[in-house]
Amino acid sequence: MNSFDEHDAFAAAVPLSQRAMAARPTPYLDDLNPAQREAVLALDGPVLMLAGAGTGKTKALTARIVHLLTTGRARPNEILAVTFTNKAAREMKDRVGRMLGQVEGLQWMGTFHSISVKILRRHAELVGLKSNFTILDTDDQLRLLKQLIVAANIDEKRWPARMLAGLIDGWKNRAWTPAKVPASEASAYNNRGTELYEQYQDRLKALNATDFGDLLLHVVTIFQAHPDVLAQYQRWLKFILVDEYQDTNVAQYLWLRLLAQAHKNICCVGDDDQSIYGWRGAEVGNILRFEKDFPGAVVIRLEQNYRSTPHILAAASGIIAANANRLGKTLWTERDEGEKVRLIGHWDGEEEARWIGDEVEALQKGTRRIDPQGLDSMAILVRASHQMRAFEDRFLTIGLPYRVIGGPRFYERLEIRDAMAYFRLAVSPEDDLAFERVVNTPKRGLGDKAQQDIQREARAQGLPLLDGARALLARGAIGGKGAGQLRAFVEGMDRWHRVTHQQGHNHIALAETILEESGYTAMWQQDKTPEAPGRLENLKELVKALEQFENLQGFLEHVSLIMENETEEAAQKVSIMTLHAAKGLEFPVVFLPGWEDGLFPSQRSMDESGLKGLEEERRLAYVGITRAEVLCTVSFAANRRVYGQWQSALPSRFIDELPADHVDVLTPPGLYGGGFGAAGMASAMDARVASADVYNSPGWKRMQDRAATRPVSQPRETRHVTIDLDAVSSFTLGDRVFHVKFGYGAVVAIEGDKLDVDFEQAGLKKIVARFVVAAAAADDVPF
DNA sequence: ACTCCGCATTTTTTT
DNA sequence: AATGCGGAGT
């Protein structure tokens with residue numbers, strides 16, 4: 001039975017239950033507000049649902065699907081519903097299931113990538129692949145590129161493989177096959193980018209492999225070159241729904257447009273203010289241009305927010321208003337006013353982590369104005385993943401349970417990738433990349449020399465590496481102790497491969513056998529490094545994950561697309577994640593640390609993409625604030641350790657953009673949360689705290705008490721310095737001239753245009769972090 | 001063939 | 001601070 005029959009056979013089986021559904025009432029509509037209802041009922045042409053944060057777009061999207069099904073307009077397998085993450089797809093499926101009972105056959109609901117794989121497996125031969133092609137991850141991709149770079153005699157130091165990978169990725173995102181890369185890109189990668197791109201694609205084809213970008217690009221290529229295939233899908237997929245449309249790239253846009261061309265029934269949901277994947281090729285332009293791309297489109301705005309309090313909403317709106325390029329919408333809510341967004345400055349990143357840890361505990365106990373909060377309801381959202389460490393460190397020392405979301409991904413771990421390579425090789429013995437990865441892992445005495453021999457032999461005979469190795473062994477051309485071990489390896493692979501073909505074999509047992517007999521498990525058992533036990537744990541988890549699949553093939557196919565760590569523990573924990581990972585989530589309590597210029601907005605983003613980059617950073621700020629339901633706290637630190645170096649910074653420019661009426665500037669806790677907060681605020685927030693009587697504030701007293709019980713590691717110096725604000729660009733201390741790059745710190749009081757800094761009272765550790773010394777010896781501090 | 005050590009480079013975000 | 005690489009040494 002070919003795949004077309006499969007689809008139609010399934011379609012024929014559906015109508016019965018369809019009729020049953022049609023008789024049901026429509027409670028899903030009663031639940032919606034007018035705008036949402038309109039979005040559900042506009043079924044005659046293209047629809048753009050502009051859904052701001054927290055406006056119930058998933059609800060509307062789900063209702064639309066339910067509506068299509070209940071009214072019998074579409075069978076489950078005629079609905080194409082595309083999301084960006086597996087999680088979002090799962091959630092949508094769950095919600096539809098909850099409303100209609102388990103719905104069978106929503107087979108076209110998934111991510112762009114997973115749906116593309118499904119399509120590509122059916123038509124792989126049209127782009128020169130076999131339907132059992134493998135999907136390379138970044139690591140494999142990089143190794144492949146490195147080989148090509150070396151072969152092309154390019155100095156990999158000056159022209160790193162990562163750069164080429166990024167370049168190719170960008171081209172694929174724009175749906176450029178090697179032939180279509182415009183001449184203007186010719187200079188890329190030392191004039192050899194396009195050439196290498198072509199070689200890379202050839203190599204992938206030879207390996208029967210694709211990378212992530214290919215999944216989409218190949219499908220687009222097939223659709224463009226084979227109208228009959230396209231027509232087939234257009235016939236099947238009568239209704240298209242797209243989530244997070246603002247994050248689509250050119251390839252995804254073409255993919256959608258080709259499919260929607262015939263019936264034009266496409267409903268895209270998105271929020272231009274939440275487009276945060278520009279660096280991945282996302283084109284905000286896609287959503288801004290929707291009405292032009294799909295003539296006759298209905299645009300519906302969802303503006304009632306059900307998530308956040310008015311203060312939080314106003315703060316977010318205030319920030320995003322500074323962006324020029326947006327469709328614009330006004331979010332409103334009926335919720336109670338609630339707390340203002342809190343803003344606080346800290347002396348350094350460690351103090352920030354301490355303070356947030358304390359806050360979390362206080363909120364948990366209910367010693368704040370809002371109700372006691374479970375740890376699950378709190379999240380810390382950071383700009384860059386390295387910021388998470390400070391929180392992990394702190395939370396570990398105070399014993400606060402936390403979970404890191406989107407950390408180093410399970411399936412990207414060394415041991416998991418090794419194990420997977422074994423599985424891949426057992427399933428498809430021609431998987432050369434897998435072979436390369438594991439021939440000598442664990443060590444089998446096969447060094448560069450032996451591996452090169454295998455490569456040469458395989459190439460000479462046009463065989464996969466595994467067979468090349470076999471041939472060498474047969475000829476007795478492999479010397480020494482490597483030979484015996486290689487033979488065992490090859491024979492093991494043959495054995496395991498045969499098992500994969502046995503009907504009804506136990507794939508879990510097989511996986512265990514492979515890891516056992518190959519000596520892989522033993523390798524880690526003998527390893528004495530501290531991380532070895534954890535790795536063995538992970539391998540166990542990997543085997544456990546197999547239970548959800550019927551065989552190794554099925555598992556491997558999914559794993560390459562599932563990048564999320566799926567383990568959901570029941571225990572209450574604070575979540576720590578990046579802002580990017582937080583999109584689509586919501587939490588009653590949100591902390592947004594690290595709002596310092598250069599870190600957030602990220603310097604690199606601004607350098608590389610200028611105003612466009614800054615606007616994307618601003619959208620990221622918007623996403624962050626709008627995650628919060630009742631309490632949102634923004635913070636920054638005057639000093640932060642970056643790559644082991646202390647650096648100082650100014651509060652983020654986004655802090656200036658927070659509307660003062662909706663922000664509570666917290667009194668700096670004193671001592672280590674020194675006056676920088678006050679000073680920074682003074683400029684940022686209209687001098688409102690300039691006169692704050694820090695010494696008499698409860699916060700100061702609390703900090704003094706705390707200082708007694710929690711000593712600082714760094715010694716404190718006593719020094720009184722007065723800096724003239726007018727001459728703040730440079731000043732002299734002793735016989736050295738200091739140039740002030742960033743603003744002032746540790747302000748205890750502002751008097752006229754002088755800064756009076758009492759280092760003893762402010763508890764300063766050292767001042768190097770705040771002034772950049774002109775001389776090279778920056779760490780030689782005179783204070 | 002493999003291990004160890006010193007030097008260099010690095011990090012924004014991820015399907 | 002942490003990792004990766006190349007080269008020297010075993």
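Just so we're on the same page: letters track the sequence lines, and every chain starts at 1.
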Visitor: Does a donor on one side chain and an acceptor on the other come within less than 3.5 Å for A:Y622 and A:N323?
Guide: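 Their side chains do not contain a donor-acceptor pair, so the 3.5 Å distance test is not met.
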Visitor: In whole angstroms, how far is the P atom of B:dT15 from the OH atom of A:Y253?
Guide: 25 Å
Visitor: Is the backbone of A:A384 close enough, under 3.5 Å, to the side chain of A:Q387 for a donor and an acceptor to pair up by distance?
Guide: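 At least one qualifying donor-acceptor pair exists.
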Visitor: Check the pair A:D140 / A:R437 against salt bridge (charged side-chain N to carboxylate O under 4.0 Å, His left out), numbers first and verdict last.
Guide: CA-CA 9 Å; A:D140 291 325; A:R437 186 174 180 99; 5.0 Å; no
Visitor: Would you please determine if the base of B:dT15 is stacked by A:F212, with stacking meaning a centroid separation under 5.5 angstrom and planes under 30 degrees?
Guide: yes
Visitor: Restricting to non-hydrogen atoms, name the atom on A:F654 and the atom on A:I319 that form the minimum distance, rounded to 0.1 Å.
Guide: O-CD1, 3.7 Å
Visitor: Between A:K172 and A:D169, is the salt bridge (charged side-chain N to carboxylate O under 4.0 Å, His left out) condition met? List the steps.
Guide: CA-CA 5 Å; A:K172 288 185 175 175; A:D169 211 46; over 6 Å; no
Visitor: Just the rounded figure in Å: distance from P of B:dT13 to CD of A:Q246.
Guide: 20 Å
Visitor: Between the protein and nucleotides 1-4 of chain B, list the N/O to N/O atom pairs that are separated by less than 3.5 angstrom.
Guide:
{"from": "B:dA1", "atom 1": "OP2", "to": "A:G447", "atom 2": "N", "distance (Å)": "3.2"}
{"from": "B:dC2", "atom 1": "OP1", "to": "A:G445", "atom 2": "N", "distance (Å)": "3.2"}
{"from": "B:dC2", "atom 1": "OP2", "to": "A:N440", "atom 2": "ND2", "distance (Å)": "3.2"}

Visitor: Please measure how far the P atom in C:dG4 lies from the corresponding atom in B:dT13, and state the result in whole Å.
Guide: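 Pairwise P distance, C:dG4 against B:dT13, rounds to 16 Å.
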Visitor: Taking atom types as modelled, find out whether A:Q201 and A:D214 have a side-chain donor-acceptor pair closer than 3.5 angstrom.
Guide: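 A:Q201 vs A:D214: donor-acceptor pair found between side chains.
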Visitor: Has A:W279 got its ring stacked on B:dT13, by the test of a centre gap below 5.5 Å and a plane angle below 30°?
Guide: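 Whether judged by distance or by angle, A:W279 passes, so it stacks on the base of B:dT13.
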Visitor: Output yes when a side-chain donor or acceptor of A:T626 lies under 3.5 Å from a complementary backbone atom of A:V623, and no otherwise.
Guide: yes
Visitor: If I take atom OH in residue A:Y277 and atom P in nucleotide B:dT14, what distance separates them, rounded to the nearest angstrom?
Guide: 6 Å
Visitor: List the steps, then state whether salt bridge (charged side-chain N to carboxylate O under 4.0 Å, His left out) holds for A:R389 with A:E392.
Guide: CA-CA 5 Å; A:R389 234 197 110 132; A:E392 291 197 58; over 6 Å; no
Visitor: Could I get a table of every N or O pair under 3.5 Å where one atom is in the protein and the other is in nucleotides 1-6 of chain C?
Guide:
{"from": "C:dA2", "atom 1": "OP1", "to": "A:R389", "atom 2": "NH1", "distance (Å)": "2.8"}

Visitor: Could you tell me how far apart A:R162 (CZ) and B:dT9 (P) are, to the nearest whole angstrom?
Guide: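 After rounding, the gap between these two atoms is 16 Å.
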Visitor: When the distance from CE of A:M388 to C1' of B:dT11 is rounded to whole Å, what number comes out?
Guide: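 In whole Å, B:dT11 C1' and A:M388 CE are 12 Å from each other.
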Visitor: How would you list, by chain and number, every residue that makes a side chain to side chain donor-acceptor pair (under 3.5 Å) with A:T441, sequence neighbours excluded?
Guide: none
Visitor: Send over the distance from A:K172 NZ to B:dT14 C1', rounded to a whole Å.
Guide: 16 Å
Visitor: Please give, in whole Å, the distance from B:dT15 P to A:H580 NE2?
Guide: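 So the two atoms are 11 Å apart, to the nearest Å.
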Visitor: Report the distance from atom CD of A:E244 to atom P of B:dT13, rounded to the nearest whole Å.
Guide: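 Rounded to the whole Å, the gap is 19 Å.
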Visitor: May I ask you to say what A:S605 touches in the nucleic acid, namely base, sugar-phosphate or nothing, with a heavy-atom cut-off under 4.0 Å?
Guide: base
